[in-house]
Amino acid sequence: MRESKDFLRTIVEEDLKSGKYREVITRFPPEPNGFPHIGHAKSICINFGIASDYHGHCNLRMDDTNPTKEDTQYVEALKDAVEWLGFDWGNNVFFTSDYFPKLYDYATQLIKMGKAYVDSLTEEEIRQYRGTVTQAGKRSKYGDRSIEENLDLFERMKKGEFKDGEHVLRARIDMSAANMKMRDPLLYRIRHAHHFRAGDEWSIYPMYDFAHCLADYIEGISHSICTLEFENNRDIYDWVLDTLGLTMSRPYQYEFARLGINYTVMSKRKLLELVKGGQVSGWDDPRMPTIAGYRRRGYTAESILNFCDQIGIAKANSMVDVAQLEFCIRDDLNTKVPRVMCVLDPLKVTIENYNGSEEIDASYYPHDVPKEGSRKLPFSREIYIERDDFIENPPKGYFRLTPKQPVRLRHAYIISCKEIIKDANGNVTEIKAEYYPESKSGSDTSSIKIKSAIQWVSAKEAKAVEVRLYDRLFANEAPEGVEDINPDSLKVIKNALIEPAVITDRLDERFQFERQGYFYADPTLYTDENPVFNKIVSLKDSWSKKRKVIPEVLISKIPKVQIDGEVVPMSEAEQALFDKYTGELKLNSEIANTLARDKNLSSFYEEALKQLDSPVGLANIVSNEVARELKVREVSQLKFNAKQISELVKMVDDETISSKIAKQVFEQMAKSGENPIQIVETKGLIQINDPSKILPIIDEVIAKNPDNVAKFKAGNGKLLGFFVGQVLKTTGGKANPKIVNELVVEKLKS
RNA sequence: UGGGGCGUGGCCAAGCGGUAAGGCACCAGUUUUUGGUACUGGUAUUCGGGGGUUCGAAUCCCUCCGCCCCAUCCA
């Protein structure tokens, strides 16, 4: 577990601690209508991760309530994905469709309670009756059918006596609810469709809002975690369970922000379009952000798990940089996979002073990877190097082979260029080179300075392989659809040359092709006759990056312009109050404004004013503390009254307590309704003003923090708060902060 | 526009009244037979803006601004 908890784990921990649940039970509830993508991976990690962190369990549940969209191939994909990521659902996959009979019973129960009715409006009428976000809707004329009639109709809907769309079952809630979702939501619709599991048994199917909460309840889920767009649905979730009286140890819904990654699309609809449109080879195309795609590409489960852990869980809509994912796979593979040499774009090099052949023993792993293993590298007169590892007229800072600059052949000798052979068009076709016999890697006595080592393969022994270079599927940072597709997202190199051991040894399925990136033997296309490697990810490349010029527009920050909106003008009465407060009572305009505009606050204030003539002190606490309480409850719900507030303020005014303590006392009053004077007495919160009592504490704090004293003296003024805080802390907040502040400054300056 | 959410560096993200965590990205240096890795250091005088409360505010109050979600018989 990471050092800082996310908000979900905080909730779970509190619920466990308070005894609200004995065990945490979560669920991962996908709809089997598409392949899971990395956004699902996040959800899987959250649900299974929390369950395992707190020793509970997590169910895998297919939310299959819509027979027209779902299919069994997707449930297999979902199971595969969860399993591949390494989670265990206890060999028991749940299906919402298994609960159809129970759900039907719950629905009839609701009808019997008068809480649900069969509506027979058309689809269009239902939409119109629902109203808009600003206008209330109105109930259907079928809303007052008798319970008997509803029961009868609902049963006949189930029996299949009606056509699709003829009737629906709706909850009777509130057609004028501010939350649109609560305007008599649909519970069941008629669908004469074959369900991939339930077959043709049902002609009615429950809606998400009805089925999901009940499925959670049936499975004993404690924390029902979903994404932000379901926030509005939480009210129905609660309504259904509460109305049915399913309140004992019932689940509660919590929402987090779904994952977004730049340069990729993450909606199942858009992904399906790519598959259907043939822009990709299928759900598992290595460019797809599906779990199957990443897997096919060569990503490891560990890297994805790690990614999900790194990005965190919060409620802010966010777009994660794809570089973060790429880091995770590089980071994982760096310590795991063997290094080999592969030349993607070969340039022939003939080493004119080398005759014969030899085999070089070369470690599969670099010095900093603690793994053992090596292979034989054939070396001979004719080799191939990467075309861009030679430049006739190199730019400044180029480390590789040039007519003037020698280079090391990795694991082998240093060579230098003697002659450049070109074709009729002036393209380099071959390099005639010379090697230094005493420069062999591991026993180099040549003392020739080289700037880099490059990969190569021996012409005779090298094997031809197919290499598929994948790049991001979209060229646009926030792609909308096919129009943003990166035309170069796939480059197939048919005849790359690889050292023979990769094919003959088959040490691993993933390799680092040195200086290029990580590659994966394609699990379906790879054969001994035609080996195929997918590029998983490039190595970081600070050379090519350095050469790229960053456009100026990206560098210069455009300052955001803040527009100040218009403030609603005060009513006449409010204005009068405001004038009185600022004039007669000498309140500052901000406080006066807050009070005058809020009827509850101003009347509370006036009431308190009758008790104590301290207009400013009272105003401050009413407009700040009381206002906060009034945000979450009604005036009648307040545990404290104006008189108590006046008593509180009086203690501040006569310096019995500090304003810091006053806030603390207020909080307790708000919670318990106790009398402030009583609180101060029983807790002994009377302010310490006596410097002789404070000074020793200051000395103590200073003695304990010599580093910070030094920093403060060096000019770090922010540390003043630290010292004051420490002193206040040791006095339980009772020391007069103003005096502490003065004394600390005095002490530290001396 | 009603309602529900959310704004902390280029991207994520902790912190919830007392010295602005961490990761990615970026920059510099060290190590290096991968322009990789590893290591070291640098990068927010400030938390969407403005006010207020407080000795002290990213944290509390007021207000304005911006973004997302909701008017599928989808989930």
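Chain identifiers are assigned alphabetically (A, B, ...) following the order of the sequence lines, protein sequences preceding nucleic acid strands; residue numbering begins at 1 within each chain. Computation of the quantities below employed the complete heavy-atom set of this structure, encompassing side-chain atoms and omitting hydrogens, waters and symmetry-equivalent molecules.
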Should the heavy atoms of other residues, nucleotides or ligands under 6.0 Å from NZ of K713(A) be counted, would the total exceed 12?
yes
Side-chain donor/acceptor contact of R400(A) with base of rG35(B) under 3.5 Å:
yes
Can you find a donor-acceptor N/O pair under 3.5 angstrom joining the side chain of D368(A) to the base of rG36(B)?
yes
Going by modelled atom types, is there a donor-acceptor pair between the base of rU19(B) and the side chain of N708(A) at under 3.5 Å?
yes
Can F399(A) be called stacked on rG35(B) when the rule is centres closer than 5.5 Å and an angle between planes below 30°?
yes
Tell me which nucleotide among rC73(B), rA75(B), rA25(B) gets nearest to the side chain of R330(A).
rA25(B)
Among residues at least two apart in sequence or on other chains, which ones pass side-chain hydrogen bond (donor to acceptor under 3.5 Å, both in side chains) with Y205(A)?
none
Rounded to the nearest 0.5 Å, the CZ atom of R330(A) sits from the NZ atom of K540(A) at a distance of 7.5 Å
Measuring to OP1 and OP2 of rC61(B), would you say a side-chain N or O of K631(A) lies under 4.0 angstrom away?
yes
rU30(B) pairs with which nucleotide, Watson-Crick or G-U wobble, both distances below 3.5 Å?
rA38(B)
Could you go through nucleotides 52-56 of chain B and list every protein N or O atom that sits under 3.5 Å from one of its N or O atoms, giving the distance for each pair?
from: rG52(B); atom 1: O3'; to: N588(A); atom 2: ND2; distance (Å): 2.9
from: rG52(B); atom 1: N2; to: N624(A); atom 2: OD1; distance (Å): 2.8
from: rU53(B); atom 1: OP1; to: N588(A); atom 2: ND2; distance (Å): 3.2
from: rU53(B); atom 1: O3'; to: N620(A); atom 2: ND2; distance (Å): 3.4
from: rC55(B); atom 1: O2'; to: N741(A); atom 2: ND2; distance (Å): 3.2
from: rC55(B); atom 1: O2; to: N741(A); atom 2: ND2; distance (Å): 2.7

OP1 or OP2 of rG15(B) less than 4.0 angstrom from a side-chain nitrogen or oxygen of K5(A), does that happen here?
no
Is any N or O donor-acceptor pair between the side chain of E231(A) and the base of rG5(B) shorter than 3.5 Å?
no
Within the modelled atom types, does a donor on one side and an acceptor on the other bring the side chain of E514(A) and the base of rG36(B) under 3.5 Å apart?
no
Can you tell me if the side-chain N/O atoms of R191(A) get under 4.0 Å from OP1 or OP2 in rC74(B)?
yes
Nearest listed nucleotide, side chain of W543(A), among rC11(B), rG3(B), rG35(B):
rG35(B)
Using the benzene-type ring in the case of Trp, are the ring centres of F230(A) and Y237(A) under 6.0 Å apart?
no
Would you tabulate the pairs of protein nitrogen or oxygen atoms and nucleotide nitrogen or oxygen atoms of nucleotides 39-47 of chain B closer than 3.5 angstrom?
from: rU46(B); atom 1: O4; to: K718(A); atom 2: NZ; distance (Å): 2.9

